[in-house]
Amino acid sequence: MKQVKTALFDFDGVIVDTEPIYDLFWNEAGERYETGIENFADEIKGTTMPDLMKKYFSDRPADFQEMVLREANAYESTMPLPPMPGSIEFLRMLKANGVQMGLVTSSDNNKVSRAFKELDLDGIFDTIVTADRITKGKPDPMCYLLAASDLNVSPENCLVFEDSFAGIQSGTDAGMRVIGLSTTNAPEALQDLVYTVIPNFENLTYEDYLQW
């Protein structure tokens with residue numbers, strides 16, 4: 001019998017439709033922080049806060065860096081977390097069919113804990129890899145390899161659901177099959193980078209998952 005692949009999910013732009021909400025904050029903040037980068041939100045998608053601070057603000061004074069962290073954390077603590085169409089139902093369907101699952105996100109423990117309470121996700125995932133558990137963020141494959149190690153599965157037996165270019169590269173470089181969600185980027189921009197592209201999880205069946 002063919003082994004059912006382990007499912008590994010990114011969070012923002014995959015399980016929750018938060019990318020447009022992040023865009024509003026980070027594009028405004030990017031201008032206010034004088035980064036000189038147009039569409040700053042697009043530039044940083046999939047990046048952990050430590051990596052973001054190191055790459056874009058390491059040359060700024062300590063009080064400025066503290067302000068950035070404070071504003072970002074305050075925003076994340078109250079921002080809405082609308083589920084991606086069909087995502088919660090898809091997760092529960094896989095769980096009901098005994099599929100092993102992991103959450104692999106650039107968000108931190110605090111945000112994930114809040115999301116689990118609001119979306120009733122406790123007990124769904126068999127492992128959770130947040131920014132607090134890694135030293136190298138996406139596009140480095142560390143986070144996905146850690147999830148596979150947690151679950152004692154080989155990378156080739158993992159199916160990754162991602163929306164950002166950094167996340168797709170992370171899953172691919174980990175040696176996993178990636179399903180791309182066109183929630184953040186156009187399908188045409190993803191199709192050559194992933195196994196297949198889906199708009200969201202609406203109307204997907206367990207048979208769809210088995211085919212992947």
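Scope of the values below: all heavy atoms of this structure, side chains included, with no hydrogens, waters or symmetry mates.
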Can a salt bridge be assigned to the pair D173 and K138 using a cut-off of 4.0 Å between side-chain N and carboxylate O? no
Do R32 and E71 come within less than 4.5 Å of each other through their side chains, counting heavy atoms only? yes
Salt bridge (Lys or Arg N to Asp or Glu O under 4.0 Å) between K111 and D132, intermediate numbers included: CA-CA 11 Å; K111 178 182 171 184; D132 300 274; over 6 Å; no
Donor-acceptor check, side chain of S170 to backbone of D140, threshold 3.5 angstrom: yes or no? yes
Please report the interatomic distance CH2(W212) to OH(Y195), rounded to the nearest 0.5 Å. 10.0 Å
Sidechain-backbone polar pair: N185 side chain, D163 backbone, donor-acceptor under 3.5 Å: yes
Hey, does the side chain of T183 reach the backbone of G13 with a donor-acceptor pair shorter than 3.5 angstrom? yes
Backbone of F40 reached by a side-chain donor or acceptor of N27 within 3.5 Å: yes
Looking only at side chains, do N110 and S113 share a donor and an acceptor under 3.5 Å apart? no
Using atom types as modelled and distance alone, determine if a side-chain donor or acceptor of R177 lies under 3.5 Å from a backbone N or O of K5. no
Expected output: side-chain Q65 to main-chain R60 donor-acceptor under 3.5 Å: yes
Closest non-hydrogen atoms of A131 and T48, given as atom of the first, atom of the second and distance, are CB-CG2, 3.8 Å
Which value, rounded to the nearest 0.5 Å, describes the distance between Q169 atom CD and E162 atom CD? 11.0 Å
So CD1 of I15 and CG of L103: to nearest 0.5 Å the spacing works out to 5.0 Å
Determine, stepwise, if the pair R114 / E118 fulfils salt bridge (Lys or Arg N to Asp or Glu O under 4.0 Å). CA-CA 6 Å; R114 178 169 78 93; E118 292 187 14; 2.8 Å; yes
same_hphob_cluster(L81, I128) at 4.5 Å side-chain heavy-atom cutoff: yes
Do any N or O atoms from the side chain of Q100 and from the backbone of D126 form a donor-acceptor pair under 3.5 angstrom? no
Would you say the side chain of T47 lies within less than 4.5 Å of the side chain of S106, judging by non-hydrogen atoms? no
With no hydrogens and no angle check, is any side-chain donor or acceptor of D10 less than 3.5 Å from a backbone partner on F161? no
Between D23 and K45, is there a side-chain N and carboxylate O pair less than 4.0 Å apart? yes
Side chain to side chain, L121 and I88, heavy atoms closer than 4.5 Å: yes
Aromatic ring pairing Y209/Y206, orientation class (parallel under 30°, perpendicular over 60°, tilted between): parallel
Test item: W26 and I44 side chains (from C-beta on) under 4.5 Å apart, heavy atoms: yes
E43 side chain reached by Y56 side chain, heavy atoms, under 4.5 Å: yes
Aromatic ring pairing F125/F9, orientation class (parallel under 30°, perpendicular over 60°, tilted between): perpendicular
A side-chain contact here means heavy atoms from C-beta on lying under 4.5 Å apart; do S87 and D17 qualify? no
With a 4.5 Å cut-off on side-chain heavy atoms, are T196 and Q211 touching? no
Between T18 and I21 (side chain of the first, backbone of the second, donor and acceptor by atom type, cut-off under 3.5 Å), is there such a pair? no
